[in-house]
Amino acid sequence: MSSIPAAIRQALQAQQQSTAQKVDLAVVKKQLDVQKQTGDAINALLEQAVSVQKQIASGHLDVKL
């Protein structure tokens, strides 16, 4: 049998669960940050495509290096 009293064992388990939840939430936050960055990048690419299409339609393509 364990020499750790039940109350202490329960406190340690609660602390462990709390830490696991914090880690899980941190991972979810990182995933959401990546999704937002991906969405922002896609929006920027779409805006550039629209700009290029408008320039081509007007007969002039402004190329910047």
Side-chain angles (χ1 to χ4, degrees):
M1 296 191 71
S2 177
S3 61
I4 299 174
I8 293 176
R9 199 171 339 115
Q10 288 173 347
L12 290 173
Q13 287 174 342
Q15 185 180 26
Q16 204 172 30
Q17 288 173 348
S18 174
T19 301
Q21 285 178 337
K22 288 177 184 177
V23 169
D24 289 345
L25 288 174
V27 169
V28 168
K29 184 185 180 308
K30 288 287 184 182
Q31 289 172 336
L32 289 174
D33 289 345
V34 168
Q35 286 180 348
K36 183 183 181 308
Q37 290 173 354
T38 301
D40 291 346
I42 289 170
N43 286 337
L45 288 172
L46 290 173
E47 289 172 2
Q48 290 175 358
V50 168
S51 175
V52 168
Q53 288 176 349
K54 287 180 181 178
Q55 289 177 25
I56 290 171
S58 72
H60 174 71
L61 183 58
D62 185 20
V63 180
K64 298 178 183 174
L65 299 176

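These numbers come from a predicted model, not from an experiment.
- Put simply, CD on Q21 and CD on Q16 are 12.0 Å apart, with the number rounded to the nearest 0.5 Å.
- Judged as a side chain to side chain donor-acceptor pair (under 3.5 Å), the pairs with a partner in residues 41-56 (not counting sequence neighbours) are, in order, S51-Q55.
- Looking at T19, its side chain does come within 3.5 Å of a backbone N or O of Q15 through a donor-acceptor pair.
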Side chain to side chain contact (heavy atoms under 4.5 Å, CB included), that's the test. Do V28 and Q31 meet it? Break it down for me. CA-CA 5 Å; V28 168; Q31 289 172 336; 4.2 Å; yes

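- Identified under the salt bridge (Lys or Arg N to Asp or Glu O under 4.0 Å) test for residues 29-39, with sequence neighbours left out: K29-D33, K36-D40.
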